[in-house]
**Q** 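Quick one: this structure, given as C-alpha cells, is what I'll be asking you about.
Atoms considered below: every heavy atom in the structure, side chains included; atoms not considered: hydrogens, waters and symmetry mates.
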Amino acid sequence: MSLIRSTLFAVVLVFITPVFALVGMLSTPLPPQTRYRLIGGWTTLAMWFIKHLLGIRHRVLGAENIPADPCVVLCKHQSAWETIALQRILPPICFVLKRELLRLPFFGWGLGKMPNIAIDRAAGKSALSQVVEQGKARLSEGFYVVVFPEGTRVEPGTTRRYKPGGAWLSIKAGVPVLPIAHNAGEFWRRNAFVKQPGEIVVSIGPAIDPTGLTPDEVNRRAEAWIEDEMRRLFPSHYPDDAVQGTA
C-alpha cells in the first residue's frame with residue numbers, strides 16, 4: 001500500500017510542479033512576498049497530499065516560541081518533508097540551499113523565483129559571506145531564514161558537525177536563533193521513494209538571543225538544544241545512549 005501511495009504522490013508532483021514553475025516565472029516582476037504566496041500554492045497542495053494520500057501527519061510542539069519578528073531558524077535535516085512543511089508551520093521563510101538545486105527542471109526553476117539564498121558550498125568563506133549578505137536582505141524583507149546547520153540530510157539517530165553559517169547571520173543581523181528538532185526521517189527517509197504513514201513530531205525550542213555571544217557559542221547552544229530534544233523525544237533512535245546510561 002505504501003508503494004502505491006508513494007507512486008501516486010510522485011505522479012501528483014509531476015503534474016503540479018510544472019504548473020507552479022510557470023507561475024514562478026510569470027511572477028518575476030512581483031514583490032518577494034507576493035511571489036512567495038503565489039508559488040507557495042505548490043506547498044499547500046503538496047501538504048494536502050502528504051496528509052491524505054501518504055498518510056503522514058504532523059504535530060507541532062512549542063509554536064509559542066516563534067518570535068514575532070523574522071529570525072534565523074536552525075533545523076534538523078532528515079528528509080525533503082521539512083523543506084515543504086516548514087513553509088506552513090512557520091511565517092514566511094526562505095532557505096539557505098545549494099546552488100545546484102536551481103538547475104533541476106521545473107522544480108529548480110520555480111525554486112529560483114522564491115526568495116531563497118542559493119550558495120556555492122565549495123566557495124568556503126565566500127559562501128559564508130553570501131549567507132550573511134543575502135540573509136540580512138531576506139530578513140529585512142520579512143522572511144525567516146532557515147538554515148540546516150549539518151549541511152545535508154542525516155539519518156535518524158545520527159549527527160553531523162553543525163556549521164556556523166546560521167549563527168554568523170544571527171550575530172551580524174542581530175536577530176535570535178530558533179532551534180527545531182523533528183523525526184521526519186522515520187517516515188520519509190533520505191532518498192527513499194516509498195514513504196511510510198505516521199505522525200511526525202516537530203519541536204520548536206526557545207529562541208536564543210545572540211547578544212554578547214560569539215557565533216561558536218550561538219551554534220553550540222542551538223546544537224545542544226536540538227540534539228538533547230532529539231534524544232528526549234525519540235530515544236529509540238539513540239540506543240547507544242541507553243547502553244551508556246546503564247553502564
Side-chain angles (χ1 to χ4, degrees), residues 2 6 9-10 13 17 42-43 46-47 49-50 54 56-60 72-90 93-105 107-108 110-112 114 116-123 127-128 131 144-167 169 177-205 219 222-231 233-240:
S2 292
S6 298
F9 180 68
L13 294 188
T17 300
W42 182 94
T43 306
M47 287 300 293
F49 283 104
I50 287 169
L54 294 179
I56 298 177
R57 307 172 309 281
H58 71 275
R59 175 165 54 98
V60 178
V72 176
V73 178
L74 296 188
C75 182
K76 196 75 176 175
H77 194 18
Q78 292 187 346
S79 75
W81 180 87
E82 57 269 20
T83 66
I84 303 171
L86 288 179
Q87 296 179 58
R88 290 295 165 264
I89 294 171
L90 297 173
I93 64 173
C94 73
F95 292 98
V96 175
L97 47 83
K98 56 186 179 181
R99 189 174 296 166
E100 301 93 284
L101 289 176
L102 304 184
R103 303 190 189 110
L104 295 174
F107 179 79
L111 197 63
M114 295 284 277
N116 292 311
I117 302 169
I119 62 169
D120 178 3
R121 293 197 298 183
L128 182 59
V131 170
Y144 292 59
V145 178
V146 177
V147 181
F148 297 119
E150 291 167 284
T152 188
R153 289 170 290 181
V154 297
E155 295 290 334
T158 61
T159 304
R160 288 185 175 231
R161 182 179 71 86
Y162 277 50
K163 299 177 181 179
L169 174 57
V177 160
L178 189 68
I180 296 182
H182 63 84
N183 64 326
E186 283 188 38
F187 310 101
W188 188 315
R189 301 191 72 87
R190 177 181 181 181
N191 298 328
F193 178 79
V194 177
K195 285 79 172 173
Q196 302 297 334
E199 182 181 69
I200 294 170
V201 179
V202 178
S203 182
I204 303 173
N219 209 36
E223 178 179 3
W225 189 89
I226 292 171
E227 295 304 324
D228 287 349
E229 186 73 349
M230 292 295 296
R231 286 162 173 77
L233 291 175
F234 319 114
S236 62
H237 294 174
Y238 303 91
D240 290 345

**Q** Below 4.5 Å, heavy atoms only, C-beta onward: do Phe187 and His58 meet side chain to side chain?
**A** no

**Q** Can you name the closest pair of heavy atoms from Phe9 and Ala46 and give their distance?
**A** CE1-O, 4.0 Å

**Q** Strictly distance-based, threshold 3.5 Å: is any side-chain N or O of Arg153 a donor or acceptor partner for the main-chain N or O of Arg190?
**A** no

**Q** Output the distance between atom CZ (Phe148) and atom CG (Leu86), rounded to the nearest 0.5 Å.
**A** 6.0 Å

**Q** So among Asn116, Val73, Ile117, which one has a side chain to side chain contact (heavy atoms under 4.5 Å, CB included) with Val145?
**A** Ile117

**Q** Hey, are the side chains of Trp188 and Ile50 touching, using non-hydrogen atoms and a 4.5 Å cut-off?
**A** yes

**Q** Of all heavy-atom pairs between Ser203 and Leu233, which one has the smallest distance, and what is that distance?
**A** CB-CD1, 3.6 Å

**Q** Any heavy-atom pair between the side chains of Pro156 and Met230 that's under 4.5 Å?
**A** no

**Q** Knowing that exactly one of Ile89, Val146, Leu90 qualifies, which makes a side chain to side chain contact (heavy atoms under 4.5 Å, CB included) with Ile180?
**A** Leu90

**Q** Between Glu82, Arg160, Glu150, which is the residue that forms a side chain to side chain donor-acceptor pair (under 3.5 Å) with His77?
**A** Glu82

**Q** For a 4.5 angstrom cut-off between non-hydrogen side-chain atoms, does Trp81 reach Leu54?
**A** no

**Q** Without swapping roles, check the side chain of Arg231 against the backbone of Glu227 for a donor-acceptor pair under 3.5 Å.
**A** yes

**Q** Do Leu13 and Trp42 have side chains that get closer than 4.5 Å, going by heavy atoms?
**A** yes

**Q** Measure from the side-chain N and O atoms of His182 to the backbone N and O of Lys76, and report whether any donor-acceptor pair falls under 3.5 Å.
**A** yes

**Q** Using only atom types and a distance under 3.5 Å, with no angle test, would you say the side chain of Ser6 pairs donor to acceptor with the backbone of Lys195?
**A** yes

**Q** Measuring from atom CD of Gln78 to atom NE2 of His237, what distance do you get when rounded to the nearest 0.5 angstrom?
**A** 7.0 Å

